[in-house]
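Structure first, then comments.
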Amino acid sequence: MTSQAAPQTLISGSLVIAGRAVAGAAADEVTDPATGTVIGIAPVSSDEQVDDAVQSAAQAFGPWAALPATKRSAHLTAIASWIRQHAADLATTLTLEQGKPRSEAVGEVDAAAKAFDYYAAEAVRVRGETIPTGSPTLRSVAIRQPMGVAAAIGTWNYPLGIMAWKIAPALAAGCTVVAKPAEQTPLTVLAVVAGAADAGLPPGVLNSVSGTGAEAGARLASHPLVRKISFTGGTATGRRLLHMAADDIKSVTLELGGHSPMIVLADAPMDLAVADAVKRSFRNAGQLCNSVNRVFVQRSVAEQFTERVTERAAKLTLGHGLADPEPNLGPLTTADGLARVEAHVADARARGAQIRTGGSRATDGELAGGLFYQPTVVVGDGELLMAREETFGPVVPVIVVEDADEAVARANSLDAGLVSYLYTRDLRSATLLSERLEFGTVNVNNVGGGDVPFPYAGWKHSGLGIELSRAGMEEYLRVKHIRTELGYQ
Ligand code: NDP
């Protein structure tokens with residue numbers, strides 16, 4: 001593995017308020033989770049800067065909402081182009097602050113550009129309706145208008161991708177935005193917000209604040225001029241924001257924690273099920289809201305499936321995301337995340353579960369300075385902590401079930417309802433089982449998803465509202481009914 005040193009010069013982020021680059025009231029170090037070295041300096045917003053950012057978004061709202069949709073669309077296209085022009089640097093920064101392998105960072109940057117392209121096309125498709133009335137002189141029209149200032153609060157596992165899923169539809173709808181990235185991974189998002197200003201976005205339309213969620217995030221979300229909160233993160237924070245929004249009757253879209261089940265039935269296409277289980281349990285070191293968090297496998301194929309997943313998991317490589325050759329997994333992004341993984345594995349051991357591979361930190365050689373954990377396959381029962389709570393790490397528990405009914409009942413037994421996976425060759429039964437799964441997304445024989453054309457919604461405690469697709473833009477629009485009497489003298 002090629003050794004990875006810290007960058008020669010620290011990557012420096014700045015805020016954008018009213019179109020101008022602004023230093024924070026304080027500064028915070030950003031650390032590479034693969035080495036523990038400081039790779040950048042991020043601004044920390046003061047309360048006044050958060051207020052200024054919201055004010056500037058509020059001032060920009062009227063003109064931006066009134067701009068013809070074709071012009072707003074052109075601005076989104078310009079942001080997509082800026083992202084593509086700077087993709088290489090953005091991907092390197094993303095790997096350095098978040099830890100993911102560089103090719104995955106490149107993919108995330110590309111997905112962000114695609115989100116701006118997609119909503120550039122949707123911006124000109126905001127439609128209203130004409131409703132027939134009971135009178136020849138009465139007209140009734142429902143139009144859709146933007147909500148106002150949107151607060152976009154994102155998390156650290158897909159910092160840029162998730163933020164693009166908020167900013168792009170909000171701008172397309174005619175909202176102005178204040179974006180707050182997670183404090184662990186602010187640099188890529190801050191760079192894109194600054195890039196949008198360089199790409200000609202009018203001042204105030206897109207602003208950034210930075211700092212902790214408890215301070216900058218809460219100040220932003222509770223600001224009375226913010227009319228929309230779009231949040232991705234943990235369920236506990238989402239609940240807190242919902243309470244906060246209630247005071248001002250703000251509109252809220254929440255994408256929260258998941259606990260995705262993968263159901264593997266006896267007639268599953270086994271090569272595919274094994275490959276997908278490995279892909280979706282360990283990608284981004286398991287730090288995915290739609291990671292496979294528990295596998296329910298039918299008894300007759302359980303041992304075969306588990307052996308093959310274990311064999312593949314044991315061969316996955318770990319390393320710095322910029323190393324050559326590229327590793328399969330980078331480190332966990334946060335020390336708290338690593339501690340949670342360790343606690344979940346310790347719980348599994350204490351309950352007598354089998355640890356088929358992994359089960360400890362990876363500390364050999366250059367890995368010693370980073371937050372690495374070995375890909376881990378566990379065989380146990382539904383009582384394991386990891387089978388009930390989101391581990392958000394490279395760990396997957398396999399649980400044996402007798403039939404599809406038991407699998408569906410167990411899958412539905414938690415409060416999480418983001419994504420589920422189902423593997424069977426019987427597409428008739430897959431259709432019927434899909435309708436019984438209480439999840440916003442059901443993937444049958446694939447682990448794709450989280451893709452901009454398709455609606456992404458968390459059911460139960462996994463969210464509120466919809467992200468992505470045309471429906472994702474509608475979350476930033478409100479309906480106005482215009483009722484006009486023409487029959488006057
Ligand atoms: P958190 O809820 O802790 O943080 C998410 C964001 O909210 C961060 O920007 C954080 O700021 C901010 N924040 C924290 N407290 C407040 C507050 N009181 N007011 C306003 N903002 C606040 O989430 P995690 O870091 O734990 O993120 C991981 C979670 O995100 C997992 O549960 C995962 O499943 C979920 N997730 C869901 C996705 C989905 O699409 N459903 C996609 C990806 C992740 P800071 O970090 O700077 O303190």
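Any value given below was found using the heavy atoms of this structure, including those in side chains, with hydrogens, waters and symmetry copies removed. The shown structure was predicted, so the numbers you read here are calculated from the model rather than taken from an experiment.
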**OP:** Show your reasoning for whether side chain to side chain contact (heavy atoms under 4.5 Å, CB included) applies to R219 and V54.
**Re:** CA-CA 10 Å; R219 180 99 187 171; V54 177; over 6 Å; no

**OP:** Please lay out, stage by stage, how V292 and S260 fare under the test side chain to side chain contact (heavy atoms under 4.5 Å, CB included).
**Re:** CA-CA 5 Å; V292 172; S260 305; 5.6 Å; no

Original post:
Salt bridge check: are R428 and D426 linked by an N-O gap of less than 4.0 Å?
Top reply: no

Subject >> Carboxylate-amine/guanidinium proximity below 4.0 Å for E438 and K460 >> reply: yes

**OP:** Examine the side chains of S230 and E475 and answer whether a donor and an acceptor come within less than 3.5 Å of each other.
**Re:** no

**OP:** Assess whether side chain to side chain contact (heavy atoms under 4.5 Å, CB included) is satisfied between V192 and I83, documenting all intermediate values.
**Re:** CA-CA 7 Å; V192 168; I83 292 173; 4.0 Å; yes

Original post:
Got Q298 and E402 here, is their nearest side-chain heavy-atom distance under 4.5 Å?
Top reply: no

Original post:
CG/L316 to CD/Q374 distance, rounded to the nearest 0.5 angstrom?
Top reply: 11.0 Å

Subject >> Residue pair T441 / N290, side-chain heavy-atom distance below 4.5 Å >> reply: no

Subject >> Min side-chain heavy-atom separation L384-V378 under 4.5 Å >> reply: yes

Original post:
In Å and rounded to the nearest 0.5 Å, what is the CG to NZ distance from D117 to K114?
Top reply: 9.0 Å

Original post:
Would a 4.5 Å heavy-atom cut-off, applied to side chains only, mark I466 and T253 as touching?
Top reply: no

Original post:
Charged N to carboxylate O below 4.0 Å: is that the case for R308 and D271?
Top reply: yes

Original post:
Would you call E311-K315 a salt bridge at under 4.0 Å N-O?
Top reply: yes

Original post:
Does L265 reach the side chain of L422, with side-chain heavy atoms less than 4.5 Å apart?
Top reply: yes

Subject >> Closest heavy-atom pair and its distance - G258, S462 >> reply: CA-OG, 3.9 Å

Original post:
Could you give all pairs that pass the side-chain hydrogen bond (donor to acceptor under 3.5 Å, both in side chains) test and reach residues 346-364, with sequence neighbours left out?
Top reply: E303-R356, D347-R351, Q354-R356

Subject >> Side chain to side chain, H461 and L256, heavy atoms closer than 4.5 Å >> reply: no

Subject >> Side-chain donor-acceptor contact under 3.5 Å, T37 with D32 >> reply: no

Subject >> Gap separating the OH atom of Y476 from the CG atom of L171, nearest 0.5 angstrom >> reply: 9.5 Å

Original post:
What do the steps show when you test Q98 against Q287 for side chain to side chain contact (heavy atoms under 4.5 Å, CB included), and what is the final call?
Top reply: CA-CA 10 Å; Q98 199 277 340; Q287 301 168 114; 3.9 Å; yes

**OP:** Give a yes-or-no answer on whether the side chains of K166 and T232 include a donor-acceptor pair shorter than 3.5 Å.
**Re:** yes

Subject >> P181 vs L190 side-chain heavy atoms within contact, under 4.5 Å >> reply: yes

**OP:** Return the minimal non-hydrogen interatomic distance between T306 and A302, and the atom names on each side.
**Re:** OG1-O, 2.6 Å

Original post:
Which atoms form the tightest heavy-atom contact between I399 and R410, and what is the distance?
Top reply: CG2-NH1, 3.5 Å

Original post:
When you check the side-chain N and O atoms of T391 and H344, is any donor under 3.5 Å from an acceptor?
Top reply: yes

Subject >> Residues R340 and E390 bridged, charged N to O under 4.0 Å >> reply: no

Original post:
Measuring from R227:CZ to S251:OG, what's the distance to the nearest 0.5 Å?
Top reply: 9.0 Å

Subject >> Ring centroid separation F392 to W156 under 6.0 Å >> reply: yes

Subject >> Minimum heavy-atom distance between R102 and T95, given as atom pair plus value >> reply: CA-OG1, 3.5 Å

**OP:** Could you check if a side-chain atom of D247 sits within less than 4.5 angstrom of a side-chain atom of S222, using non-hydrogen atoms only?
**Re:** no

Original post:
Would you say the side-chain atoms of Y423 and D276 include a donor-acceptor pair closer than 3.5 Å?
Top reply: yes

Subject >> Whether over 12 other heavy atoms sit under 6.0 Å from E474 CD >> reply: yes

